[in-house]
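Hydrogens, waters and symmetry mates play no part in the numbers below; they use all other heavy atoms, side chains included. In what follows, chains carry the letters A, B, and so on, assigned in the order in which the sequence lines appear, proteins first and then strands, with residues in each chain numbered from 1.
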Amino acid sequence: MVNSTVDLVIQLALMFAIGAGMAIMFITLSHLLSPKSKNPNKSQPYECGVVPKGDARTPFNVHYYLVAVLFVLFDLEAVFIYPWAVSLRGLGTAALIEMFFFIGVLLVGYLYAWKKGVFDWE
Amino acid sequence: MSDAVVQLLFLIIKALLMSLIIVTMVAFIIYFERKFAGFFQSRVGPTYLGPWGSLQSFGDILKLLSKEDLIPEQADRWVFRLAPYLIFVPAFLVMAVLPFGPVGGEPNLFGYRFDYVIANFDSGLVLFLAMGAVAVYGVVLAGWSSNNHFSLLGGLRAGAQMISYELAMGFSLVGVMLMAGSTNLVTIVDYQAGGFWSWLFIPQVVGGLVFFVATLAELNRTPFDLAEAEQELVAGYLTEYSGMRWGLFMFAEYVNLLVVSGIVATLYFGGWRAPLAVLDFIPGPIWLFLKICVLIFIYMWVRWTIFRYRYNQLMSIGWKVLLPLSLANLVVTAVVVNIFGD
């Protein structure tokens, strides 16, 4: 094969192609084999037999947004930590202390969110 | 033949074989899950198709293929169709970075080098986390596009739950990265060479447990299966799916179970390495297979033993227990690695 980067793209693309191909194959097979009968009642959403009331895309609890925002914050922190974790042996104690400051700053935000009750669902 | 052509040939063989093994294993995992569920609840489970009902999954696939595929009138048709693929394909991609035998070194097959991994990727662990995040899109979009109250609630719950536990998962993995000094799964397995006392589950016992619990939530399995809590949400984000499209979700769930078991085995239990030096004569893929089977049994055991949590309990376990624990694990591991070097 060519070089390590191109190899990697080929390898991952092959797995992607096999996965996607398999999924498409299943759906196509079922499209060919399955019966088709149109009925207005069938294309209604299933809500336990009760006729659905209004559109389902209604406003929902703001808590979900808060969790999503916090997730972005902490996941970004994690992404910053990964390269540090891999190379800590070469960087020494200074890097360790710097990372403690970084985690400390985020911990303040975490405790604030905890006190604000973001993690309490009632 | 030149080395490049042979390597390409090897790659295609490996990828096809891997896919075949995944599909076969998933069929039998589903069978064993139902059989064990039966045993745990004093039933017999599937018995009709094949000896002891062992061909039940294949029968189910044929049945699902011949069922009508309904798309609700008000559904967002494109997103509705896209969602199953968004869950299915990422699970497959992660299998590419999972090593199932020795990688690199001397030529070992007809004078060519056969690597027992599809992609020797330096950021394999990051790819695993990224693909886990892509699967969240599948769940949320499936819930959103169905235009059904139950689906929307299930999708939102699943989304919030998965991203909450992904944090704990990401932080607990930092312990492994610190110790092995790499995110390449091949290097991580090499770091655990030399018997079971050098496996990472001993120094990383806290991180490993946090990771295990987080994967339970990530896989949407009981005790964290609130997204498809049958008694309250019908089937959550799966409510409007029928036929093989629903089957694809189920299939993806079990592929994910297989992949996550493989990742846990690789990170914490030495991957394809034998527990004792005298057992080295048994080839690596068999060891990995055995470890994956044991871990899958543990996942099933948990599923049929522990009750479902309430949603507020679930969120407080994720944010108030697992996240601080994984952060503490990170800090302690970093200090120990810094002081003792290796």
Side-chain angles (χ1 to χ4, degrees), chain A residues 1-2 7-8 10-12 14-16 18-20 22-24 26-27 29-31 33-37 40 42-48 52 55-58 60-61 63-64 67-68 71 74-75 78 81-82 85-89 92-93 96 99-100 103 107 110 114 118-122, chain B residues 4 7-8 11-12 15 19 64-70 72-74 84-85 88-89 92-93 95-96 118-119 121 126 146-150 152 156 160 163-164 166-167 170-171 174 177-178 181-183 234 239-240 243-245 247-248 311-312 315-316 319-320 327 331 334-335 337-338 341:
Chain A
M1 304 198 28
V2 199
D7 278 8
L8 193 70
I10 296 173
Q11 288 154 344
L12 291 180
L14 188 66
M15 271 320 256
F16 182 86
I18 290 177
M22 196 179 284
I24 291 170
F26 275 128
I27 298 288
L29 263 180
S30 97
H31 187 72
L33 292 174
S34 63
K36 280 160 212 72
S37 67
K42 267 192 194 170
S43 52
Q44 292 243 316
Y46 173 77
E47 288 181 3
C48 304
D55 195 66
R57 287 150 194 156
T58 45
F60 49 82
N61 200 333
H63 243 101
Y64 291 109
V67 168
F71 167 73
F74 279 94
D75 218 35
I81 286 178
Y82 293 157
V86 170
S87 50
L88 178 67
R89 288 222 174 86
T93 315
L96 185 74
M99 189 45 80
F100 282 170
I103 294 174
L107 267 184
Y110 172 70
W114 190 329
V118 179
F119 309 140
D120 298 320
W121 293 63
E122 292 307 333
Chain B
Q7 288 300 332
L8 192 65
L11 169 66
I12 293 169
S19 317
L64 283 173
L65 281 175
S66 61
K67 289 291 174 192
E68 188 173 358
D69 177 25
L70 284 170
E73 194 71 16
Q74 278 102 30
Y85 300 109
F88 187 81
V89 179
F92 247 79
L93 261 182
M95 281 313 262
I118 291 176
F121 189 17
V126 182
S146 301
N147 196 25
N148 177 323
H149 289 97
F150 295 125
L152 180 66
L156 286 175
I163 60 178
S164 301
E166 212 152 89
L167 285 179
F171 281 118
V174 177
M177 293 178 195
L178 279 164
S182 174
T183 52
V234 192
T239 305
E240 288 301 336
M244 202 55 216
R245 241 177 260 281
L248 217 54
Y311 199 70
N312 59 343
M315 291 314 252
S316 46
W319 285 97
K320 294 181 184 172
L327 273 173
V331 169
V335 171
V337 165
N338 191 52

Using the rule given for side-chain contact (heavy atoms from CB on, under 4.5 Å), can you reason through A/I10 versus B/L8, listing the C-alpha separation, both sets of side-chain angles and the distance that settles it, and then say yes or no? CA-CA 9 Å; A/I10 296 173; B/L8 192 65; 4.3 Å; yes
If one checks every heavy atom of A/L107 against chain B at 4.5 Å, the contacting part turns out to be side chain
What one should report as the nearest heavy-atom pair of A/L88 and B/A334 is CD2-O, 3.8 Å
Interface check, chain B: of A/I24, A/L29, A/L96, A/D75, most non-hydrogen pairs under 4.5 Å belong to A/L96
Tell me whether A/Q11 contacts the main-chain N or O of B/A96 through its side chain, where contact means a donor paired with an acceptor under 3.5 Å.
no
Cut-off 4.5 Å, heavy atoms of chain B, and the answer for A/Y64 is side chain
Closest non-hydrogen atoms of A/L8 and B/A119, given as atom of the first, atom of the second and distance, are CD1-CB, 3.9 Å
Turns out that what part of B/L70 lies under 4.5 Å from chain A's heavy atoms comes down to side chain
So, the part of A/L12 with a heavy atom under 4.5 Å from chain B: the answer is both
Max heavy-atom pairs within cutoff under 4.5 Å with chain B, candidates A/A68, A/A78, A/P35, goes to A/P35
Honestly, the part of B/F121 sitting under 4.5 Å from a heavy atom of chain A is both
Here the pair of heavy atoms bringing B/L248 nearest to A/A23 is CD2-CB, 4.0 Å
Looking only at B/M177, B/E68, B/M244, most heavy-atom pairs under 4.5 Å shared with chain A are made by B/E68
Rounding to 0.5 Å, atoms CE (A/M99) and CG (B/N338) come to a distance of 12.5 Å
So, the part of B/V335 with a heavy atom under 4.5 Å from chain A: the answer is both
Hey, are the side chains of B/K67 and A/S30 touching, using non-hydrogen atoms and a 4.5 Å cut-off?
no
If one checks every heavy atom of A/S87 against chain B at 4.5 Å, the contacting part turns out to be neither
Please check this pair: side chain of A/Y110 against backbone of B/W319, looking for a donor-acceptor N/O pair closer than 3.5 Å. yes
Taken to the nearest 0.5 Å, the spacing of A/L33 CG from B/D69 CG works out to 12.0 Å
Nearest heavy-atom contact between B/F92 and A/M15 is O-CE, 3.7 Å
From the list B/L64, B/V331, B/T183, the residue making the most non-hydrogen contacts under 4.5 Å with chain A is B/V331
Between A/M22 and B/S19, the two heavy atoms sitting closest are CE-CB, 4.1 Å
Applying a strict 4.5 Å limit to non-hydrogen atoms, the region of B/L327 in contact with chain A is side chain
When every non-hydrogen atom of A/V67 is compared with those of B/S164, the smallest separation belongs to CG1-OG, 3.7 Å
Would you say B/I118 and A/L14 make side-chain contact, with heavy atoms under 4.5 Å?
no
